[in-house]
Amino acid sequence: MLTAIAWRNLWRNKLRSTVIFTSIAVGIIGAVVSDGFMSGMTDQRVNSAIANEVSDIQVHNPSFLLNGEIQYQIPHAGHTMRKIESIPQVKGVSLRMRIQAMAASANAGAGITLYGVNPAAERKVSDLYKHIIQGKYLSSKDKIPAILGQKLAHKLNLDLGDKLIVTVTDSTGTITSGAFQITGIYKTANDRFDEANVFVRKKDLSALIGYPVKSGDEIAIRLKANRQTPVVMKKLQHIFQKEINSKQIVIQSWDQIQPLLKSMIAMMNYFSYIFLVIILAALAFAIINTMLMAVMERTREIGMLMALGMNKRKIFSLIMLETIFLSVVGAVLGLIISIFIINHYATYGFELSSVARGLNYIGYSSRIFFRVNTNFYITSIILVVVVAVMSSISPALKALKLQPATAIRDIQ
Amino acid sequence: MSIIEATGIYKTYQETKVPVNALNGVDLKIEEGEFTAIVGPSGSGKTTLLNILGGLDLPTKGDILIENTNLKTLGSRQLIDFRLHNIGFVFQAYNLIPVLTAKENTEFIMELQKIPKKERSKKAMELLEAVGIADKADHKPGQLSGGQQQRVAVARALASKPRFIIADEPTANLDSRSTNELLEIMAEMNRKYHSTFIFATHDQRVMDKAHRIVTIDDGKIIGDETFEGR
């Protein structure tokens with residue numbers, strides 16, 4: 001009957017209870033939607049970085065990472081690639097030549113990173129071919145083709161079919177230049193990537209710089225699923241234990257290559273919980289206020305219950321139960337609405353076109369697809385109920401201090 | 001045999017700057033089955049005496065024995081438990097639990113006493129029948145008149161099978177008809193179940209029904225009359 005009394009007490013002051021349900025629900029919606037937005041931004045940035053920029057895992061010669069010079073190549077690259085390809089979780093492997101270069105047009109010049117890639121293998125590790133907005137991706141049929149980002153094309157005032165002059169240091173240490181024909185222009189969500197990276201065929205680049213076409217200074221590995229990265233990293237470290245120990249190669253996962261991304265994920269999670277704590281703190285005061293009012297309004301009733309023989313434990317439980325019902329109803333309401341909002345924006349995305357340029361500049365797409373971990377939903381609900389229960393301790397203790405005779409005097 | 005024995009009861013309230021002596025040496029014995037009215041002017045100490053007899057408050061001085069249990073020796077938890085099993089209450093303002101139906105209000109005390117659901121449900125209906133309100137068993141207090149609510153309060157007080165029932169101004173908010181009906185019901189309960197009733201009242205109609213009238217003024221008993229044959 002205690003449960004029935006607590007539940008029915010909620011509906012004695014419908015307006016007040018509705019205000020509290022709504023506050024809790026809005027609090028939950030605020031926390032969940034902000035987490036969904038931030039997680040969506042993080043996901044989009046990480047997925048974009050993996051798909052277009054760094055892939056899941058990369059292999060280098062350790063000296064290449066220190067100096068960035070093409071002479072530090074991956075020893076026995078073909079053999080290494082075959083071993084990597086034999087891992088079941090691997091979707092694609094691409095051996096690249098990566099070199100710092102100067103790009104120039106008739107009007108301007110810019111420092112770039114020039115990639116020499118095998119187009120067929122590269123398609124399996126990079127989604128860049130999906131981001132071609134003009135022309136087409138690298139192919140074996142074209143004559144010395146190159147693709148570059150829209151931002152760089154604008155900067156150099158170049159268009160499809162124009163010639164791109166690149167200046168590099170060849171295998172003899174001589175500065176040499178070559179001309180490539182622009183066959184495709186890409187655009188990713190990251191303007192800075194688009195401004196600094198040019199892709200050509202490996203055979204054309206090797207002809208220009210004088211390194212064998214089968215050599216390379218970077219192996220990019222793409223997995224069937226990004227979450228398998230830790231497992232594959234372990235396997236690779238086991239397979240290439242000897243090469244790693246003798247410092248012939250170094251293997252890095254995407255979060256080691258771009259530690260900023262890893263920090264960003266941690267920071268976004270941290271922000272989500274900060275939002276949640278702020279919301280919960282506001283909620284705590286609302287609940288304390290409501291339950292104090294409920295206790296003060298019912299001084300006579302609580303006194304009567306004590307007079308009749310209801311012990312303090314039961315009085316305490318009654319107030320706690322009321323608060324739990326109050327918070328659970330609000331939390332469930334908030335959860336249902338949150339799931340609806342998150343599902344909607346997870347499917348259709350949240351458009352931020354008004355700030356698209358700024359977002360693109362820092363590597364984000366202007367359309368954010370929300371995502372919320374089940375854990376965050378569960379944590380939010382549990383925390384709301386815990387905060388509600390803790391907030392009602394003070395009003396409940398106030399109720400326990402009532403003396404039945406005093407309360408009865410109030411009645412009379 | 002006395003079920004209540006109050007000896008040398010003093011009660012002083014220290015809540016204001018000037019202490020208020022509500023009771024000044026009250027000695028009172030209540031026998032089982034009595035139908036007693038405590039009367040006196042406002043501020044005479046009726047309610048204070050009733051609170052002390054009902055274990056809602058403790059005397060500043062003196063002893064209150066209920067069937068050989070001295071209430072002053074009980075801790076707060078024991079006192080609550082003692083009230084639950086030994087004392088029934090009927091208040092002036094009815095004080096039913098507003099969210100429960102008449103039947104649930106009657107069952108409430110039995111649930112606190114951990115009486116099985118089936119048994120308490122049957123007993124609640126019997127009591128509501130006895131106070132003539134069984135047809136309103138599913139009504140909540142807000143749907144009942146004052147007289148009907150006070151009948152439910154009497155049923156609730158009787159539900160715990162108390163040693164005695166304390167009724168503080170039970171008819172103060174009722175009209176004449178409801179007052180007569182309620183008094184008749186309580187008198188019937190007194191006759192039928194030998195239930196002991198102690199009233200604090202100003203109401204002449206209650207006094208007319210009482211077997212004993214204890215008059216109190218300035219915290220002292222100044223009269224104690226018994227009326228045989230009522």
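In what follows, chains are A, B, ... by sequence order, proteins preceding strands, each numbered from 1. Predicted, not measured: the structure shown is a model, and the values here were computed from it.
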Self-check item: Per-residue contact mode, A:L305 against chain B (heavy atom under 4.5 angstrom)
Solution: side chain

Self-check item: With sequence neighbours excluded, residues passing side chain to side chain donor-acceptor pair (under 3.5 Å) with A:E297
Solution: A:R16

Practice problem: Please name the pair of heavy atoms, one in B:L56 and one in A:P404, separated by the smallest distance, quoted to 0.1 Å. | Solution: CD2-CB, 4.0 Å

Quiz item: Under the 3.5 angstrom rule, does the side chain of A:E301 hit a backbone N or O of B:I97 as a donor-acceptor pair?
Solution: no

Quiz item: Measuring heavy-atom distances to chain A, does B:Q113 have an atom under 4.5 Å in its side chain, in its backbone, in both, or in neither?
Solution: neither

Quiz item: Got a sec: does the NZ of B:K122 have more than 12 other heavy atoms crowding it under 6.0 Å?
Solution: no

Exercise. Return the minimal non-hydrogen interatomic distance between B:V99 and A:R8, and the atom names on each side.
Key: O-NH1, 2.9 Å

Quiz item: Is the side chain of B:R83 donor-acceptor paired with the backbone N or O of A:A307 at a distance under 3.5 Å, no angle test?
Solution: yes

Self-check item: Toward chain A, the part of B:L96 with a non-hydrogen atom under 4.5 Å
Solution: backbone

Self-check item: Interatomic distance, A:M1 atom CE to B:M110 atom CE [nearest 0.5 angstrom]
Solution: 8.5 Å

Quiz item: Any ion pair linking A:K314 and B:E111 (charged N to carboxylate O, less than 4.0 Å)?
Solution: no

Quiz item: Counting only heavy atoms not in A:M390, do more than 12 fall under 6.0 Å of its CE?
Solution: no

Quiz item: So what's closer than 4.5 Å to chain A heavy atoms on B:L100: side chain, backbone, both or neither?
Solution: both

Exercise. Please round to the nearest 0.5 Å and tell me the distance separating atom CE of A:M306 and atom CG of B:L84.
Key: 14.0 Å

Practice problem: Select one option (side chain, backbone, both, neither) describing which atoms of B:F82 are under 4.5 Å from chain A's heavy atoms. | Solution: neither

Quiz prompt | B:E126, CD atom: more than 12 neighbouring heavy atoms under 6.0 Å | solution = yes

Exercise. Can you measure from CG (A:L308) to CD1 (B:I87) and round to the nearest 0.5 angstrom?
Key: 11.0 Å

Quiz item: In Å and rounded to the nearest 0.5 Å, what is the CG to CG distance from A:N311 to B:L79?
Solution: 12.5 Å

Quiz item: Is there a side-chain contact between A:I5 and B:F108 (heavy atoms, below 4.5 Å)?
Solution: yes

Practice problem: Verify, without hydrogens or angle tests, whether B:R77 (side chain) and A:K312 (backbone) share a donor-acceptor contact under 3.5 angstrom. | Solution: no

Exercise. Taking the side chain as every heavy atom from C-beta outward, state whether B:F89 and A:M304 have any pair of such atoms under 4.5 Å apart.
Key: no

Quiz prompt | Within 6.0 angstrom of B:D27 CG, more than 12 heavy atoms from elsewhere | solution = yes

Quiz item: Do other residues, nucleotides or ligands put more than 12 heavy atoms under 6.0 Å from B:K123 NZ?
Solution: yes

